[in-house]
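Structure first, then comments.
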Amino acid sequence: MRLLLAFFIALLPITAIAAEPLQPKAPKLVKSRAAPIRHITPGIEVLLSDRLESFKGKRVALLTNQTGVDRKGVRNVDLLRAHPAINLVALFSPEHGVRGAAQAGEKVASDIDSKSGLPVHSLYGETKMPTAKMMYGIDIVLVDLQDVGTRFYTYSSTLLHMLRAAETSGAEVIVLDRPNPIGGVMIEGPVLEPAFASFVGSFAMPVRHGMTFGELAQMFVGEDKLRTRLRVIPMRGWHRNLAPYFGWDLPWVPPSPNMRSPQTAAVYPGTALFEGTNISEGRGTEKPFEYIGAPFIDGTVLAERLNAMGLPGVEFKPVSFTPNFSKYAGQQCHGIWVIPTNKTTFQPFRTGIALVKAVHELYPDMFEFSAGAPHFFDQLAGTDNVRKGILDGKSVSDIESQWQYGLDAFRPVRAQYLIYP
């Protein structure tokens with residue numbers, strides 16, 4: 001009897017495991033070797049370690065959101081308010097609001113910060129450009145935002161608008177620099193063409209620019225010939241070829257509700273192209289931008305097709321998911337999980353083009369680019385050459401070759417404004 005009981009007990013874990021739906025497991029990220037924790041001091045900490053005599057008697061505003069924290073996770077608003085030399089009088093917030101809770105494209109009203117009592121001027125509500133009323137009486141604007149290194153992530157447009165507003169108001173802009181989470185070496189994708197400029201692309205740079213916020217600010221002022229007084233407070237400990245966010249001592253605070261992790265940021269420059277199509281980019285799931293799919297896709301077939309292409313530094317696994325909002329909310333979708341395996345060789349934008357092209361070729365009667373004039377897909381890409389190339393059946397390499405001239409012309413421009421070795 002004891003032997004029989006033991007036999008059934010032994011079976012229980014197996015039965016429980018078998019009852020759970022099987023989910024694909026991500027392959028291990030390729031690492032060259034074990035490395036010690038990298039200490040990176042963000043610009044906010046570097047600023048506060050200074051003597052700050054230049055702030056005395058000045059009215060200071062802060063453009064920020066929930067990502068503005070030090071290495072211990074303390075909010076920059078609290079750090080600045082506690083400093084005797086700084087008179088913080090107002091906050092500005094980008095898309096998603098000062099707390100980062102609003103979904104993509106959701107307008108955010110100006111408000112009062114509940115903890116500090118400071119007014120919050122939303123730059124993603126009635127206006128995206130700081131008004132003269134918002135800037136009135138402000139001597140210094142501190143900018144402390146975590147960007148994700150992608151042109152169509154709107155924080156860079158907000159930065160550019162602030163620099164232009166400060167030129168008019170006379171305020172000094174000080175950017176407290178933070179790392180580019182997808183690295184500072186590789187650049188990818190078309191340089192924005194003027195016909196496709198919008199808030200998801202407001203400056204002539206490629207999709208993946210490989211620059212920090214401070215470097216972008218210097219480029220915006222230099223290339224736009226702005227008279228804005230700009231100062232960048234560089235971080236310490238970061239360099240261009242540092243592996244993205246692995247082994248750093250900076251906390252990852254999601255810059256927006258669907259930018260859940262550094263892994264999300266890694267794939268975002270390519271998979272966000274699906275925002276301009278009728279395919280789900282994984283919003284409303286546990287892995288936005290990592291999951292791509294639709295009810296009519298066969299995930300196994302799509303994964304096999306993509307893996308056979310031998311795209312560098314990435315694998316694709318079939319997956320099923322049901323978004324709880326956004327496209328196909330409440331409907332089961334099938335597709336692929338995009339899994340970077342080597343952050344050094346992975347090319348997210350090239351991968352994104354291959355993905356869109358594969359879905360279009362497998363499901364030509366069901367796949368659609370979103371309507372518009374211009375198409376939103378073209379605004380994301382910064383050109384209509386990518387969409388037209390996919391429709392014309394061009395290879396990924398042929399599509400990619402169309403933007404190489406612009407990319408080569410951008411390199412020396414970019415080089416003038418780099419801060420970090």
Exercise. How far apart are the closest heavy atoms of P269 and I182, and which atoms are they?
Worked result: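 The answer is CG-CD1, 3.8 Å.
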
Are [X] and [Y] ion-paired here, with the side-chain N under 4.0 Å from a carboxylate O?
X: D249; Y: R71; result: yes
X: D144; Y: R178; result: yes
X: R305; Y: E361; result: yes
X: R231; Y: E172; result: yes
X: E167; Y: R229; result: no
X: R75; Y: D78; result: yes
X: E188; Y: R151; result: no
X: R236; Y: E45; result: no

For this session: Just say parallel, tilted or perpendicular for the rings of Y268 and Y153, cut-offs at 30° and 60°.
Result: perpendicular

[Y] and [X] side chains, donor-acceptor separation under 3.5 Å:
X: N258; Y: S256; result: no
X: Y417; Y: E223; result: yes
X: E315; Y: T341; result: no
X: H334; Y: S320; result: yes
X: T383; Y: E193; result: yes

Does the side chain of [Y] come within less than 4.5 Å of [X]'s, by heavy atoms?
X: F349; Y: W403; answer: yes
X: V267; Y: P340; answer: yes
X: P255; Y: Y155; answer: yes

For this session: Mark yes when over 12 heavy atoms from residues, nucleotides or ligands other than E126 sit less than 6.0 Å from its CD; otherwise mark no.
Result: no

